[in-house]
4 protein chains.
Amino acid sequence: MTPRIVDKEKKKQEILRGALKVFARRGVHDFKMIQVAQAAGVGKGTLYEYFSSKEEIVVGSMTLLLEDLEAHLKPRLANVVKPVDQVREYFFASFEFFVLQKRRLDVLFDFYAAGLPRKDGVPLLQNMAGGYQQAVDFLAEVIQKGIDSGDFRPIDARIAALSLLAMLDGLLFQSALGMTAIADRKLPEKICDVYLGGLLK
Amino acid sequence: MTPRIVDKEKKKQEILRGALKVFARRGVHDFKMIQVAQAAGVGKGTLYEYFSSKEEIVVGSMTLLLEDLEAHLKPRLANVVKPVDQVREYFFASFEFFVLQKRRLDVLFDFYAAGLPRKDGVPLLQNMAGGYQQAVDFLAEVIQKGIDSGDFRPIDARIAALSLLAMLDGLLFQSALGMTAIADRKLPEKICDVYLGGLLK
Amino acid sequence: MTPRIVDKEKKKQEILRGALKVFARRGVHDFKMIQVAQAAGVGKGTLYEYFSSKEEIVVGSMTLLLEDLEAHLKPRLANVVKPVDQVREYFFASFEFFVLQKRRLDVLFDFYAAGLPRKDGVPLLQNMAGGYQQAVDFLAEVIQKGIDSGDFRPIDARIAALSLLAMLDGLLFQSALGMTAIADRKLPEKICDVYLGGLLK
Amino acid sequence: MTPRIVDKEKKKQEILRGALKVFARRGVHDFKMIQVAQAAGVGKGTLYEYFSSKEEIVVGSMTLLLEDLEAHLKPRLANVVKPVDQVREYFFASFEFFVLQKRRLDVLFDFYAAGLPRKDGVPLLQNMAGGYQQAVDFLAEVIQKGIDSGDFRPIDARIAALSLLAMLDGLLFQSALGMTAIADRKLPEKICDVYLGGLLK
DNA sequence: TATGAATGAGGCTTCATTCAT
DNA sequence: CATGAATGAAGCCTCATTCAT
């Protein structure tokens with residue numbers, strides 16, 4: 001509420017934005033604090049006024065990226081009401097988010113990789129899975145509504161959500177590897193249709 | 001006159017096996033040469049008798065992992081002839097490979113992440129995409145046969161292969177993140193069936 | 001707002017002074033960065049704030065030593081006007097510089113050795129010869145003046161300069177090897193006289 | 001006497017010849033044992049059958065080079081009897097030795113540099129000065145004979161020898177630095193004459 | 001005797017973090 | 001608050017030397 005806190009939060013964001021820029025260029029695993037400082041237009045020491053460690057910046061950046069994604073999806077989904085359209089919109093809007101800024105995709109997968117169980121069992125990014133869980137829950141809910149409304153076949157909503165996200169992630173992944181061109185809207189559409197073909201009555 | 005004779009290729013493999021063990025524990029991005037040496041039961045300097053740099057060990061290990069996967073899939077696929085069974089077998093055998101050694105999955109995704117475009121545009125693992133391409137080609141061929149034989153609907157075989165792999169990867173990915181239990185054979189089966197439901201006539 | 005302010009140039013010099021001390025003790029070819037750091041009273045990493053590599057410190061130190069020599073010679077030569085006295089003064093003052101700090105001589109020759117064509121043709125210290133060239137030019141000019149003024153015989157001034165420096169270096173060299181005692185001013189004088197005996201009319 | 005010993009000596013020489021080749025290319029301070037082994041056409045371990053350490057190879061090589069120089073000078077000096085001619089011959093033949101194989105000069109100066117007081121006071125090549133002393137003694141003797149025979153002025157023979165060698169070394173040194181072209185026989189002759197001008201009656 | 005595979009001590013360099021200003 | 005100079009832990013890699021064959 002006080003300006004001080006607002007300013008502080010704003011600066012934190014600026015730093016995290018700088019970090020995301022750096023990640024896009026150098027990867028999450030090979031970035032230097034000085035790069036973040038430069039990208040954010042602050043001094044190296046200043047980073048430690050807002051974050052207590054390098055790791056905290058990584059975590060914060062990931063959270064910010066997921067918030068960006070959420071902010072991108074929210075208005076898109078708000079405009080549609082039918083479950084099938086919501087699923088389609090979720091699918092396409094997700095692609096769109098990454099198509100808008102191709103490097104975001106690389107960063108996301110870097111975060112995922114950083115979130116894998118490591119350091120002798122402890123994942124670096126503990127809430128990576130948490131972010132994913134939210135997406136699953138949201139989609140499962142939408143699908144359940146579709147089932148309830150009779151639009152979808154009476155399948156296990158969570159399984160369906162998982163497999164839809166699996167395909168979405170898989171395609172994004174392929175795109176990150178340069179295997180497919182998701183920018184070409186046709187491809188996601190075709191695939192979504194194939195998937196819905198199995199889902200719809 | 002008769003100096004020590006060693007099987008250089010064998011030793012290289014031993015080192016790479018050691019590296020894979022370390023990767024499973026520490027991740028591809030945070031391993032130390034000394035760890036690989038210890039895991040391989042050799043001295044630090046010995047690594048450089050067989051590989052000229054840390055990076056070369058990463059690349060070699062990835063290649064080995066993919067060879068392992070191929071070696072796992074080959075006999076499994078040799079036993080089935082019908083395209084639909086081949087697709088199923090490919091799907092299940094792939095899961096099985098990673099279920100046998102859960103950490104392999106983490107390592108694979110680490111490799112993938114390492115293969116993303118980085119270092120200002122240059123991916124660390126240049127042929128990562130190449131390995132993926134082979135899988136796509138193989139599956140596309142199988143699917144095409146199924147289409148030719150009339151078992152599958154007349155769709156774009158490459159698109160189908162891509163989406164199948166996308167789903168496979170996505171599920172493996174979810175498993176790596178701890179979202180799904182692929183060890184429970186039911187889940188992959190269900191999902192495969194959903195997918196095939198859209199594929200089969 | 002007001003970060004620590006340091007005189008970067010001054011600190012660079014301090015480090016180079018430390019390096020020269022180390023060179024005197026261990027030779028240019030067998031010194032460690034940690035030794036320079038300790039001699040300069042800074043941390044190991046600090047060296048790299050001011051120099052980007054070990055080699056750069058070697059080059060910088062050599063330059064500093066030559067500057068020291070020049071600074072030593074300049075006032076000494078400013079007090080004399082007659083060419084023959086300038087030559088004598090150059091000769092003696094040079095000895096003096098190294099007599100003042102015997103180890104300087106070892107360091108100088110180490111630098112020379114480092115400046116020899118190496119690393120498959122490329123000398124480590126590229127401008128080593130440049131420093132020498134300046135000395136030749138200066139002496140040649142002085143001798144030429146002596147010739148013009150009729151004090152010296154009409155010989156090739158450059159040849160004379162080269163041979164004078166050759167003898168000077170040769171004597172310093174012998175001194176470095178412990179063959180002669182240049183500290184005993186008599187010897188340089190005698191030799192200089194012998195040389196001048198051939199130069200003067 | 002026994003063939004065994006002869007063979008052993010021969011092999012040692014081959015190794016030292018290899019070392020000298022390497023020194024010419026890489027310098028005394030930056031050579032690797034493997035390079036010597038390759039240049040000598042033997043295995044790395046074999047070096048240690050003939051020499052107990054790297055340092056011993058350096059010392060042996062230097063000794064060999066000085067022996068080569070001596071072997072080159074001996075017959076040249078055997079043909080002249082007058083002291084003044086012996087001095088001239090010594091001067092010219094020395095140049096010739098290094099002109100024949102330009103890189104020898106670099107190696108010699110490298111040896112000299114290695115022979116400077118180091119490792120906290122202890123020179124690496126202890127008998128470097130010893131070799132120089134022999135040259136001084138020889139020349140002093142020749143000059144003394146010239147004085148006795150009345151050819152030279154009655155000066156201090158040792159001083160004269162030292163200054164002659166100083167000039168010789170100085171010129172060689174300049175040549176090594178690329179300052180003078182000793183290959184052009186004129187220059188050494190001129191300088192020798194200047195020197196002798198001061199020496200002769 | 002000859003070899004080169006194996007080794008590990010040691011050095012240069014990087015970079016996250018601290019802290020005086 | 002902001003800064004960047006200072007630091008030293010840590011890691012990759014080199015290479016002299018050893019030793020099994």
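All heavy atoms count here, side chains included; hydrogens, waters and symmetry mates do not. Each chain gets a letter, A, B and so on, in the order the sequences are listed, and its residues count up from 1. Given the structure is predicted, the values throughout are model-derived calculations rather than measurements.
Under 4.0 angstrom from either OP1 or OP2 of dA2(E) there lies at least one side-chain N or O belonging to Lys11(D). Regarding contacts with the backbone of dA6(E), a side-chain N or O of Tyr50(B) is found under 4.0 angstrom from either OP1 or OP2. Residue Lys44(D) has no polar side-chain atom (N or O) positioned under 4.0 Å from OP1 or OP2 of dC15(F).
Minimum atom distance to the side chain of Lys32(A) is reached by dC15(E), of the listed dA5(E), dT3(F), dC15(E). When distances are taken from the side chain of Glu49(B) to each of dT7(E), dA2(E), dT3(F), the shortest belongs to dT7(E).
Atom CD1 in Ile15(A) sits about 12 Å away from atom C1' in dC1(F), given to the nearest Å. Atom CG in Leu47(D) sits about 9 Å away from atom P in dT3(E), given to the nearest Å. Following rounding to the nearest Å, Lys54(C) (NZ) and dT14(F) (P) show an atom-to-atom distance of 15 Å. The distance from atom CD of Gln35(C) to atom P of dG11(E) is 8 Å, rounded to the nearest whole Å. Counting to the nearest Å, the P atom of dT13(E) and the CE atom of Met33(C) are 6 Å from each other. Atom CD1 in Ile57(B) sits roughly 10 Å away from atom P in dC12(F) (whole-Å rounding). Phe51(B) places its CZ atom 15 Å from the C1' atom of dA5(E), with the value rounded to the nearest Å. One interatomic measurement links the two molecules: CZ of Phe31(C) to P of dG11(E), which rounds to 12 Å at whole-angstrom precision.
Both cation-pi conditions hold for Lys54(B) and Phe31(B): the charged atom is under 6.0 angstrom from the six-membered ring centre and inside a 45 degree cone around its axis.
Pairing analysis of DNA chain F (Watson-Crick: purine N1 to pyrimidine N3 plus N6-O4 or O6-N4; G-U wobble: N1-O2 and O6-N3; both under 3.5 Å) yields stems of 3 or more pairs at E:2-21 with F:2-21.
A distance-only check finds no donor-acceptor pair linking the side chain of Glu56(A) to the backbone of Ser53(A) [under 3.5 Å]. Asp110(A) places a side-chain N or O within 3.5 Å of a backbone atom of Val28(A) that can act as its donor or acceptor partner.
DNA chain F is contacted by both Gly45(B) and Gly41(C); Gly41(C) maps to the nucleotide lying nearer its 5′ end (nearest heavy atom per residue). Comparing Gly43(A) and Thr46(B) by the nucleotide of DNA chain F whose heavy atom lies nearest to each, the residue mapping closer to the 5' end is Gly43(A).
Annotation: the span from Lys11(B) atom NZ to Thr46(B) atom OG1 amounts to 6.5 Å, rounded to 0.5 Å.
At a threshold of 4.0 Å, the pair Arg25(D)-Asp30(D) does not count as salt-bridged, since none of the basic side-chain nitrogens sits closer than that to a carboxylate oxygen. Look at Lys10(D) and Asp7(D) and you find no salt bridge, because none of the NZ, NE, NH1 or NH2 atoms lies under 4.0 Å from a carboxylate O.
Between Phe23(D) and Phe111(D), the angle of the ring planes goes over 60°, which puts this pair in the perpendicular group of the 30/60° scheme.
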